[in-house]
Amino acid sequence: MLKTRVQQGDGALQRNTAAIVRGIIQKDGVRGLWRGTAPTLLRNVPGVALYMTSLTQLRTVMSGSPYFATARTDVDGKHASVLPKLTVQGNLISGATARVAVGFLLNPMSVLKARFESNLYAYESLYGSLATIVRQGPNELLRGFFASSLRDAPYAGLFVVFYEGIKRETSILLPSTSGAYSAGIHGFSAAAAGAIATMATHPFDVIKTKIQVRSEDRYHGFLRTVRTVWRQRGVSGFFNAQASRRVTCPC
């Protein structure tokens, strides 16, 4: 909600987060802070399931290829096991491919979520709002998909690459001594990888939101939106609400 409200602005630097929160509460009450929860669940729940399932299948298939698979031998006392792993290129391709495919399928839910969270639309009914977008045709259903792809493809790929790398190096420096310790390493690796990938791809998240919620001609199309943001605020315009964006899988 807060990320969308900050990113939807047309040129002027948006108010700080506290001011936005106060404005929402004054108008819609505390409940207003959760506006857009339903379309978010409709997008994220199947999105995460589809992403993880497709990513697992892709990695399994690619692990059988000599171009993407690499064997890693872990020796533990008397026992040795060979675990199939993907190369950096394999991690990038599998993560990006799975994310873009899922993003294409669920883009209508992404548009619906952004507009529900925005105060530029008077959407009230979930079904009625989706029906309105559907009636406007395929172009509206896929609005912002290109910008989303430019955000999600490198994000997903970078996330997997950094996650695997950080987890490997951390495990070497701080060998696991228990299940809880191992879980902590996995959690730290995921958080660090998510933060790095978010910073690298956030400008496309800003562009995506503006395309999906703004109706002015200057926000119709990827390149036109990029030029508009650049003319209005320069580089800083592409980093609105970065602190509000989640640093996990953007499904």
Side-chain angles (χ1 to χ4, degrees), residues 2-4 7 40-63 65 67-70 72 83-107 109-110 113-114 144-174 176 181-209 212 222 238-251:
L2 296 177
K3 177 178 72 71
T4 298
Q7 291 180 346
T40 297
L41 291 174
L42 287 176
R43 185 196 66 171
N44 288 359
V45 172
V48 171
L50 288 171
Y51 175 73
M52 296 307 298
T53 299
S54 58
L55 179 63
T56 300
Q57 293 301 316
L58 276 173
R59 287 173 64 86
T60 299
V61 172
M62 294 173 70
S63 68
S65 167
Y67 299 103
F68 300 116
T70 178
R72 176 182 173 185
L83 304 176
K85 296 286 183 180
L86 297 185
T87 60
V88 171
Q89 295 87 343
N91 284 327
L92 282 169
I93 293 173
S94 61
T97 301
R99 184 61 200 112
V100 171
V102 173
F104 176 80
L105 292 174
L106 297 177
N107 197 76
M109 293 297 104
S110 178
K113 169 188 174 296
F145 171 67
F146 183 66
S148 294
S149 297
L150 291 179
R151 177 198 67 178
D152 293 345
Y155 180 97
L158 289 172
F159 179 87
V160 174
V161 169
F162 282 116
Y163 171 73
E164 293 290 347
I166 294 172
K167 182 178 66 174
R168 180 178 61 252
E169 296 303 321
T170 304
S171 298
I172 293 174
L173 292 174
L174 303 170
S176 176
Y181 191 84
S182 178
I185 290 177
H186 284 273
F188 168 77
S189 301
I196 296 171
T198 294
M199 289 186 288
T201 61
H202 187 76
F204 298 111
D205 188 61
V206 173
I207 296 168
K208 184 269 301 180
T209 299
Q212 290 181 340
F222 178 81
F238 295 101
F239 290 90
N240 275 350
Q242 180 164 324
S244 300
R245 185 179 161 200
R246 64 190 177 279
V247 291
T248 56
C249 169
C251 298

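Quick note: residue numbers are just sequence positions, from 1.
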Inset, instruction - Search all heavy atoms of L106 against all heavy atoms of G47 and return the closest pair with its distance. - result: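 Minimum heavy-atom separation between L106 and G47: CD1-CA, 3.4 Å.
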Legend entry - side chain to side chain contact (heavy atoms under 4.5 Å, CB included) between S171 and K167, intermediate numbers included: CA-CA 6 Å; S171 298; K167 182 178 66 174; 4.3 Å; yes
Spacing of [atom1] belonging to [X] relative to [atom2] belonging to [Y], to within rounding of 0.5 Å:
X: F104; Y: S148; atom1: CZ; atom2: OG; answer: 12.5 Å
X: M199; Y: F239; atom1: CE; atom2: CZ; answer: 10.0 Å
X: I166; Y: I196; atom1: CD1; atom2: CD1; answer: 4.5 Å
X: L58; Y: S63; atom1: CG; atom2: OG; answer: 10.5 Å

Inset, instruction - Keeping the roles fixed (side chain from S65, backbone from M62), state whether a donor-acceptor pair exists under 3.5 Å. - result: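 Not confirmed, S65 side chain does not pair with M62 backbone.
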Inset, instruction - Kindly say whether Y51 contributes a backbone atom to a donor-acceptor pair with the side chain of S54 at under 3.5 angstrom? - result: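 Side chain of S54 to backbone of Y51: a pair is present.
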Is any side-chain heavy atom of [X] closer than 4.5 Å to a side-chain heavy atom of [Y]?
X: H186; Y: S182; answer: yes
X: N91; Y: Y163; answer: no
X: K208; Y: N107; answer: no
X: T209; Y: K3; answer: yes

Inset, instruction - Check the angle between the aromatic planes of F146 and F222 and answer parallel, tilted or perpendicular using the 30° and 60° thresholds. - result: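 The arrangement is perpendicular - the two ring planes meet at more than 60°.
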